[in-house]
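Data block below; observations after.
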Amino acid sequence: MVGPGMERERERESERESELEIVLRRVGLPPRVSARIASMGLTVEDILATPSRELASKLRIDRKVADRLIRTAAEVASTPKPASHVPRRRILSLGVRSVDGLLGGGLSEGSFVELYGEPGSGKTQFALHLCVRAMLPQERGGLGGGSVYIDTEGGFSAARLREMAEGQGVPPDLALSSVRVVRARSVPSLMASLDAADGLVREGEAVLVVIDSLLAPFRLDYRGMGELAERQHALAEALAIVRRTTARGGIVLATNQVVGGREKRPAGGYVLGHAPDVVLSIRRSLGLRRILGVVDSSFLPEGEVLLAITRRGLEDVDEKL
Ligand code: GTP
Ligand code: MG
């Protein structure tokens, strides 16, 4: 007999279960399949982000079972949970007063940020600076974590990373070992790199993924209007991986070139248009000075601030600069 006390006990028990455990229990998978899921480190988000056919072959299960698994994951994921279960998002400070002010303290975990600007405006410098800041412990505004730098244009410089690390008080050798770099020129290699980066975020090896720049491989692999539809389709696939990474709490920074004549706008068309949580622009001002702007965000007011790119990285502007 199951009394009301026991029911409550069971409910309490389930509060301690992870979302994935609840899904597996409800679907009632054979233990070897559950063990396979656990050993692959799959999360509820992964199950939701994987097409049913692919999930079935990955887990060596029937399509019908895969469908049931996805449906149950969707049910569990959409069940309202106590606020105490909502993961707390930490903020990555850039350590530059003007920029942190513009961004409401910094960049929030789980956000997809686009940064666009002309050649030489400072996109790569911004990205390297962010990698260094991510390594700092939380009490110094960082996230105490590594980064993945997906370099599609060959702009990554280990020497510059080392110099910026010194400037921010991070041991340069630590900086070189906690930023993992991968060169991706083509779209397939970008996809593979995004997948690998997502895996590192899942394993807690990285908190930040930089794609510098996102559009370059697409521009090389797809040319002209004739291939535009295919290009947008592939770009949407890449953005789906980015979403998976941000759903786990990773920050993804994608740099972007500008197109257009006098009216500059970011490349990529409508597929990229609404994907980022925050769109930032950067442009040159006098000397080392740059102007960083919030162009589009659902939670930040638009605005612009001055900063400087110096040997140490990004800095507030003082009279000397
Ligand atoms: P593209 O990749 O060509 O689109 O440009 P980008 O926007 O990535 O520009 P990047 O971040 O490479 O910025 C280049 C600019 O940063 C240079 O013109 C310099 O003004 C500045 N910069 C780069 N390295 C240093 C450095 O070591 N010290 C200082 N003070 N400034 C630097
Ligand atoms: Mg660059």
Side-chain angles (χ1 to χ4, degrees), residues 94-96 98-99 102-103 107 113-134 147-170 172 175-176 179-186 189-190 193-194 197 208-220 235 238 251-261 263-268 272 276 278-295 304-321:
L94 281 96
V96 181
S98 64
V99 176
L102 178 74
L103 299 175
L107 298 176
V113 183
E114 176 188 355
L115 172 67
Y116 73 86
E118 293 193 4
S121 54
K123 302 180 293 294
T124 297
Q125 304 301 310
F126 185 106
L128 291 169
H129 179 85
L130 208 58
C131 291
V132 173
R133 296 291 308 179
S147 308
V148 178
Y149 202 107
I150 304 177
D151 184 11
T152 68
E153 296 183 345
F156 178 85
S157 157
R160 182 67 174 129
L161 182 73
R162 178 179 266 281
E163 184 178 52
M164 282 190 182
E166 272 170 5
Q168 301 289 322
V170 173
L176 293 182
V179 181
R180 295 171 201 239
V181 189
V182 55
R183 183 86 166 92
R185 281 168 188 273
S186 65
S189 72
L190 173 66
S193 304
L194 285 171
L208 167 71
V209 177
V210 169
I211 315 162
D212 186 17
S213 72
L214 176 57
L215 265 294
F218 294 91
R219 285 186 155 176
L220 287 174
L235 187 53
I251 298 177
V252 178
L253 172 74
T255 69
N256 199 356
Q257 295 124 337
V258 288
V259 292
E263 273 294 298
K264 298 274 183 276
R265 60 196 158 76
L272 195 57
V278 184
V279 179
L280 302 174
S281 72
I282 188 162
R283 61 179 202 275
R284 280 174 174 279
S285 178
L286 284 179
L288 304 177
R289 295 177 184 208
R290 298 291 187 277
I291 298 163
L292 185 78
V294 168
V295 179
E304 289 190 335
V305 293
L306 261 183
L307 68 140
I309 302 176
T310 71
R311 194 181 53 76
R312 288 205 294 267
L314 308 187
E315 281 196 73
D316 273 295
V317 169
D318 66 23
E319 298 71 51
K320 297 195 296 293
L321 303 169

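Quick caveat, the model's predicted, so the values are computed rather than measured. All heavy atoms count here, side chains included; hydrogens, waters and symmetry mates do not. Ligands are counted one by one from 1 in listed order, and the atoms in each one are counted from 1 as well. Residue numbers run from 1 in the order of the sequence given.
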pair Asp212-Thr152: side-chain heavy atoms closer than 4.5 Å: no

Of the protein N/O/S atoms, how many lie under 2.8 Å from the Mg ion (ligand 2): 1

Close approach of Glu163 to ligand 1, heavy atoms, under 4.0 angstrom: yes

Protein heavy-atom partner closest to atom 17 (C) of ligand 1 - residue, atom, separation in Å: Arg290 NH2, 4.2 Å

Protein heavy atom at shortest distance from atom 28 (N) of ligand 1: Arg160 NH2, 3.7 Å

Protein residue, atom and distance nearest to atom 5 (O) of ligand 1, heavy-atom basis: Gly120 N, 2.8 Å

Within 6.0 Å of CZ in Arg185, more than 12 heavy atoms from elsewhere: no

Ligand-residue contact atoms, ligand 1 with Glu118, heavy atoms, under 4.0 Å: 7 (O)

Heavy atom of Gly117, distance to ligand 1 below 4.0 Å: no

Any Tyr116 side-chain heavy atom under 4.5 Å of Thr255 side chain: no

Protein heavy atom at shortest distance from atom 4 (O) of ligand 1: Lys123 NZ, 2.8 Å

Nearest neighbour in protein (non-hydrogen) for atom 18 (O) of ligand 1: Arg284 NH2, 3.2 Å

Nearest-contact summary for atom 22 (N) of ligand 1 - protein heavy atom, Å: Gln125 CD, 4.0 Å

Salt-bridge present (Glu315, Arg289; N to O < 4.0 Å): no

Non-hydrogen atom of Gly122 closer than 4.0 Å to ligand 1: yes

Atom 2 (O) of ligand 1 [closest protein heavy-atom partner, distance rounded to 0.1 Å]: Glu153 OE1, 3.6 Å

Smallest separation among heavy atoms of Val132 and Ala165, with atom names: CG1-CA, 3.8 Å

